[in-house]
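See below for the structure under consideration.
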Amino acid sequence: MRLLLADDHPVVRAGLRAVLEGEPDFRIAAEAATAERAVEVAAEGGFDVVLMDLQFGSGMNGSQATAAITALPDPPRVLVVTTYGSDADTLPAIEAGATGYLLKDAPPEELAAAVRAAAVGRSTLAPAVADRLMDRMRAPSVSLSRRETEVLGLVADGLTNGEISRRLHLSQATVKSHLVHIYTKLEVDSRTAAVAVATDRGLIRR
């Protein structure tokens, strides 16, 4: 089983390699330190599973790379392995076509099992991620859309409505509309309260 490791931290790649190369059916065929490079290498073909981080600093992120890889002809499966478990991270990755989603604190045997599952198209989700997705299904009214999550994440970063408008290429009226919907869903009446509640529920990452 040929694997591609995509992570911008050499120490993390070395750790994944050390864990996975101990499995008789795995071969680390390539590594990539940027999301762009991961897409380029995956496009060369011959890989079964890509282990993809989500944050690569500047440039393309892991979700964007996942979407590009899964759009390739005869693509490899993508297993996200990251430290981030908020809705702002999991939903874009899953929507982009990731087969599985694990957190980096997963035990080695769980990681190996997830790689094997991904190779045959079966999904594996970190327990915390699975629980949150189930909560969204049970109570969709308290879930934020992808765009609402983006807006609130920028609010949490301290951006004004005007700055959010420019960053997301939206009108200020649209930004305000998203905030009104966010306040209603979270049952709050201020930016500070919205950020606090969403952070506590794991809807955004701080």
Side-chain angles (χ1 to χ4, degrees), residues 6-9 35-36 52-71 78-106 114 123-206:
D7 195 293
D8 61 342
H9 291 95
E36 290 85 353
M52 178 71 69
D53 192 16
L54 288 183
Q55 300 299 322
F56 286 85
S58 60
M60 181 182 283
N61 63 37
S63 293
Q64 293 167 330
T66 296
I69 290 171
T70 56
V78 178
L79 173 64
V80 170
V81 183
T82 185
T83 56
Y84 306 111
S86 73
D87 281 8
D89 300 297
T90 58
L91 294 179
I94 292 171
E95 289 173 357
T99 301
Y101 197 111
L102 282 189
L103 301 182
K104 287 181 178 175
D105 60 1
S123 297
T124 301
L125 297 176
V129 173
D131 288 346
R132 190 166 295 122
L133 290 175
M134 289 298 292
D135 288 342
R136 287 178 64 90
M137 292 178 65
R138 295 188 185 107
S141 62
V142 297
S143 300
L144 302 181
S145 69
R146 182 172 176 177
R147 181 63 85 185
E148 289 166 351
T149 300
E150 288 178 328
V151 169
L152 190 54
L154 294 176
V155 170
D157 289 340
L159 274 66
T160 65
N161 285 3
E163 291 168 332
I164 294 171
S165 170
R166 290 188 290 276
R167 178 75 64 86
L168 299 181
H169 307 291
L170 302 172
S171 70
Q172 289 199 45
T174 299
V175 173
K176 290 177 182 178
S177 177
H178 283 310
L179 285 172
V180 169
H181 292 152
I182 290 168
Y183 293 174
T184 299
K185 288 181 177 182
L186 300 182
E187 299 180 335
V188 298
D189 57 7
S190 72
R191 298 163 78 91
T192 301
V195 169
V197 170
T199 301
D200 183 61
R201 294 183 184 179
L203 301 178
I204 62 172
R205 168 167 36 93
R206 292 300 304 279

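Note that the coordinates shown come from a computational prediction; the quantities given were computed from them, not determined experimentally. The first residue in the sequence is number 1, and the count goes up from there.
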Checklist entry - Looking only at heavy atoms, what is the nearest atom pair of Arg201 and Lys185, with distance? => result NH1-O, 4.5 Å
Item to check | Residue pair Leu170, Ile164: steps toward the side-chain contact (heavy atoms from CB on, under 4.5 Å) verdict | outcome: CA-CA 8 Å; Leu170 302 172; Ile164 294 171; 5.6 Å; no
Item to check | Side chain Thr184, main chain Val180, donor-acceptor under 3.5 Å | outcome: yes
Checklist entry - Taking C-beta and beyond as the side chain, do Leu152 and Val195 meet within less than 4.5 Å on heavy atoms? => result yes
Item to check | Smallest separation among heavy atoms of Gly153 and Ile204, with atom names | outcome: N-CG2, 4.3 Å
Item to check | Check: Ala96 main-chain N/O paired with Thr70 side-chain donor or acceptor under 3.5 Å | outcome: yes
Item to check | Shortest non-hydrogen separation from Ala193 to Ser190 and the atoms involved | outcome: N-OG, 3.1 Å
Item to check | Donor-acceptor contact below 3.5 Å, side chain Tyr101 vs main chain Ser123 | outcome: no
Item to check | Carboxylate-amine/guanidinium proximity below 4.0 Å for Arg167 and Asp157 | outcome: no
Checklist entry - Closest approach of Ala93 and Thr66, non-hydrogen atoms and distance? => result O-CG2, 4.2 Å
Item to check | side-chain contact (heavy atoms from CB on, under 4.5 Å) evaluation trace for Leu203 with Thr149 | outcome: CA-CA 7 Å; Leu203 301 178; Thr149 300; 5.8 Å; no
Checklist entry - Could you go step by step and tell me if Val197 and Glu187 meet the side-chain contact (heavy atoms from CB on, under 4.5 Å) rule? => result CA-CA 9 Å; Val197 170; Glu187 299 180 335; over 6 Å; no
Next on the checklist: Can you confirm whether Lys104 is buried at NZ, in the sense that more than 12 heavy atoms of other residues, nucleotides or ligands lie under 6.0 Å from that atom?
Outcome noted: yes
Checklist outcome for this item: Closest heavy-atom pair, Ala35 versus Phe56, reported as atoms and distance to 0.1 Å, is N-CD2, 3.5 Å
Checklist entry - Which pair of non-hydrogen atoms, one from Asp8 and one from Gly57, has the smallest distance, and what is that distance? => result OD2-N, 4.1 Å
